[in-house]
Amino acid sequence: MTGAGPLGRRITPAGRQRGRDVMAAWHRLTDGDTVAVGPADGTTNGNGHDSGPGPVGRRPMSLAPWSVDGGGREDGRELLSVENLSIHFGGVQALRDVRLRVRTGEVTGVIGPNGAGKSTLFNCLSGLLQPDAGTVTFDGAPLRGAPSVRARRGLGRTFQTPRLFRSLSVLDNLLFGCETADWSGHRYVFDPRLGRLPQIERAERIAALVGFRGDLSVPAGSLPFGDLRTVELARALCGAPSLLMLDEPASGLDADQAQSFVGLMRELGDMGLAVLLIEHDMALVMGLCKRITVLDFGQVIAEGTPEDVQRNETVVHAYLGRSAARA
Amino acid sequence: MSITDVTTDVERAVQGAIRTAASSVASSATTPALTRRARLSRLVGGVVLAALLATLPFTMHWAGPAFAVDYGLIVAMAVLSISVLGWIGEISLAPVAQMGFGVVAVNVCQVHHIPFGFTLPIVALSSLPISLLLAAFTLRLKGVSFAIATLAFAYMAHKTFFLEYLGTYGAFGGTGTTQVARPSFVRTDESMYYLELAVLIAVALVCYAINRSRVGARFTALRESEMAFSTLGHPPAAYRFFAICLSGAIATVAGALFVYLQLQVPSNLLLPAQAILFFGYAVAGGLGSVTGALAAGAVFGAIPKYLETLTKSEFLNYDLFVIGLVVFVVMMKAPGGLAEIGRRVWRRVEGSPA
Amino acid sequence: MSKLLQTVIIGTVTGSLYSLLALGMVLVYRTTGVLNIAHGGIGVMAGFVAWDLVQLRHWPYYAGLLVGVSFAVLVGLAFERFVVRRLPNAGSRTVATLGLFLLAQGVVFVVPWWSNNSAQVFPSPFTGRVVSIPGADFAVSYDQIVLVGTVVLLFLGLQFLLRRTRLGMAMRAVSDDPAASRLMGVREELVAPVVWAMAFGIAGLSVMLIAPINLLENTSIVAFTLKALAVTFVGGLVSLPLTVLGATVLALLEAFTQIYAADIRGLPSAWPFILMVAVLVIRLIRPTKALDEQALAAA
Amino acid sequence: MLEVRGLTAGYGPVVVLRGIDLTVGTGEIVAMIGPNGAGKTTTLNAVAGMLPRGGDVLLDGEPLASAAEQVVRRGVALVPQGRKVFPRMSVEENLFMGAYPRGGTWRDFDRRAEPIFSIFPRLAERRAQIAGSLSGGEQQMLVIGRALLSEPKVVMIDELSLGLAPLMVETLLDTIVRFNRELGTACLLVEQAATAALEIAGSAYLLRRGEVVYHGPASRLRQDVDVLHGAYFGTATGTAAAAGRR
């Protein structure tokens, strides 16, 4: 018995239904369209900690907490700006003077050959690596500090190889994401069920949103590979990020899954979420991204719309080699 | 009546409703799964265990004095403090040294005439500086390196401090006191057993609660992927510090009880190598398991003492050999230790599919 | 002057003692990634086998020595074959060596005629013979000279093995990159038994060389092993020269504080810890970023 | 000489290769190209015995063992992806390990290494340097040199150009041509940056989703740019990229 509070296993369908009944009762009692749910608002709503278990905020429940920010969508606001980011490992300059802009409501692509420094860029942004130089501004303020601090500021990410908590249930994994944004349940730390009912509802809805159809109560380690990516994406979304960084999210997905992934990304973009995407599948990147940054040898060799990038000789050179460019 | 009052009333009503729902959520999960046989065996098992725990010093009187089982409980606590670090996947070999600081803390309390009621909480708090020092190591050291660092610390504590302060015979250097006095209500070893049991149960309940809470799940997550853990907004260092402080507090309290039991603790009972033995117990119990640690600690702690009496001191130090074998068997056959074996057996008793 | 010389000599001898134990552990860690906690324990067990034959059964010294070392080698082979190979990773193997440590300690107590709990005298043929240092009022025993000589030989031998022989190169390759070394035709399952047998043999030999100077006794040898562990940490658990350097530095510090600062009680014993903290601080100040990236990739 | 028939492989339950057929003739340079995740690396690893495999792999008509140690002794060497040097060993020691399967000792090392040092003069300059501190291109040279020291009949090189500067890639391709000509070693070259590899290769295979979708002379594939762009950018954008050539 190591550590796990296997929540997913302790809640049966019957129990869950009863939980839903109570939620419904709460709906009736308060007002038709407010919900007793804090998670969506936890980051933005200061009074998240001073009322009862349910009625944390009085905002409309939304699947997309990022759209709560200011109440409406404000597409095209510059959310993340990276200036002159550099890092080296030993004698290898992994990133050199990288410049990058990410706007809300848009999917921004980062492409480049293997080893170009794309994942290193993500690791620098999420605080796992300390860059040698450069400034990163996020949401109007410098982005600094430990990975956990950055995550709480709304920086969600996935990894090239999915890093789920393998012995925890899928639901527990998602609840972890929920906790990034919302600590209102921390008073129920010794009675996990009570404080978590709203979060569980939220996790279920987000699992459905990303198209996870499996059982939420199985250990995450037992999932097939394609589902690992989906669940990791859901977990990141549960954290209500304002910027979502996805590291090769479509690799290992089959055509159908990739298709629904594109649909999901469009939907999230419409909600006002900013997405930064590393991907090798060019068709997908070209179709999805508003702007693309091309990295090669740790340097930005091109930046612009998909059309610009495809026409760029340097890019064709970097991807296909010299003769394609020459031909 | 203002608007806010109405809201609070509604809130209270709904709070009540949610509580009810939550409790039914909990009960509905377990009730239908249990067969009659399982319920019966749980009841019988619980009663037998409670009865055994309540009378252990007396029921075991044929085998030896109550001191043996008292010692077993202290070992159980020390092993628990090692096992708890299994939550964050680290190995510490410092708990025996921390026990030593508990011994010293009790003596200091006694010199300053602090009543017994305050002593244990003070001892628990006094473990913090050393725990924080050890925890600072985990900022940079993980795994084997951390284990070596704790071992070096234990070695230093023994050689530079316990040897001086406790000496070969357990006298307290410079204080004029040669031994600790037990509080009046635990004059006998039998009554000491109940004091220990009470403390142990309290500590175990705290551990269970933490393990089952969201913090427990976070420990698991931290162990499985620190990168995912930190990029989801949780500070890994905080959880490491918490686990190490908890472990330190348990070990230090165990040390305090140890000196109450022994009255004198000579420094050679606090050898760093002793921690390796306790770690062996923790492995046998199943690292990270509270029940396993308690069971393994109590059994492996008490049995050699009983055997010592039964065989008229012919049996000495055989426990090293035995526990060595047990560690092998556990590593190869049941990496989860006694806890895993216990669960397997229990499933069979209950008659539910494994 | 004589006092200084004496301090340096004591430091050198003790340093060799730590090096001797540490080198064996570094060999195992460097080539398998397992921290062999059982090192000292195995040595004591083998030492007792030899002591049994020589002191109780009056075998010739060298025959006893040979049997003792062979015994340790056999234990090493058996341990690799039946335990190490069946465990999944370096972590669980390290825990298994811990079990072996307890077992080895236990064996010494279990055999009744090896006497309970007391230290044994285990003289070598050289015991009692000394070389007096000209111009100084003390002497160095042959046993001490043999000890220092063995460490030098062992160090050179291991360096030669790991740098110049096919076997040693294969060992290093396996530890650097097991997959790539398979591509080079190295069979890990043939390399690992050699490592374990060799390490356990060295452990047995070490204790038999230490025993005439100290006593053949569990507690002190285990204490030496603990210090040796701290020393291996200085060399990052892999570097042979740094390990020897660390051992010598530690022993010299201990000797100097013992002789020149005897009034600061406890300081000599604190050195292993202080040394470790110092190494840690150096690593904190100058973290190697390349290693961080490797850790990230491996995590 | 090296014949692969109906090769299947995967990782656990995930099937990556669905029956690959492949031939490398004596002294030939063959390119295998395809987008990420097509199964190129898996093919090489399966042939080299680093992965459990199904189907037949024959060398000179004899079945090739499935254990990596035996494969290299038979004369099929793999240069794995990501420049897997032994980082804590020197250049010389790395090369020594290359000669290991041929029973190489230090005594005759110099004689064995001489042709390799003449192909890669930069390795000779850095004989004593620790391999982990070499630059990326030098590490790539080192792993190729190391593979050649096992005196292989076929050397399989995985992602030669990965993360290397174009100039370095050209140098490396030139050395492949050189050892192919001088030592007669056949080469199976896996590349994502396709056209460079196609320039030196005789024949080529295009992989997609674990299957060979194209096989023919490299020169034809090189000219058939639409096939290439289709495979890389997806068919929809093929014309756009082709337009970019102008």
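The basis for the numbers below is simple: all heavy atoms, side chains too, and nothing from hydrogens, waters or symmetry mates. The sequence lines fix the lettering, A, B, ..., with proteins before strands; numbering per chain opens at 1.
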Heavy-atom distance under 4.5 Å between the side chains of A/Phe122 and B/Thr231, does that happen here?
no

B/Ser230 side chain near A/Leu128 side chain, heavy-atom distance below 4.5 Å:
yes

Applying ring pair (Phe, Tyr, Trp, His ring centres under 6.0 Å), can you list everything that pairs with B/Phe279, at least two apart in sequence or on another chain?
none

Once salt bridge (charged side-chain N to carboxylate O under 4.0 Å, His left out) is applied, do any residues pair with B/Arg344, and if so which ones, sequence neighbours excluded?
B/Glu340

May I ask you to name which of A/Ser148, A/Ala151, A/Pro147 has the most heavy-atom pairs under 4.5 Å with chain B?
A/Ser148

Top of A/Glu232, A/Arg150, A/Arg166, A/Arg153 for chain B proximity - count of heavy-atom pairs under 4.5 angstrom:
A/Arg166

If you compare all heavy atoms of B/Ala221 against all heavy atoms of A/Phe176, which two are closest, and at what distance to 0.1 Å?
CB-CZ, 3.2 Å

Under 4.5 Å from a heavy atom of chain B, the part of A/Arg157 involved
side chain

Flag the pair A/Arg163 and B/Glu224 as a salt bridge only when some basic side-chain nitrogen lies within less than 4.0 angstrom of an acidic carboxylate oxygen.
no

Give, for atom OG of B/Ser225 and atom CG of A/Leu168, the distance between the pair rounded to the nearest 0.5 Å.
11.0 Å

Would you check if the side chain of A/Thr180 reaches a backbone N or O of B/Gly233 as a donor-acceptor pair within less than 3.5 Å?
no

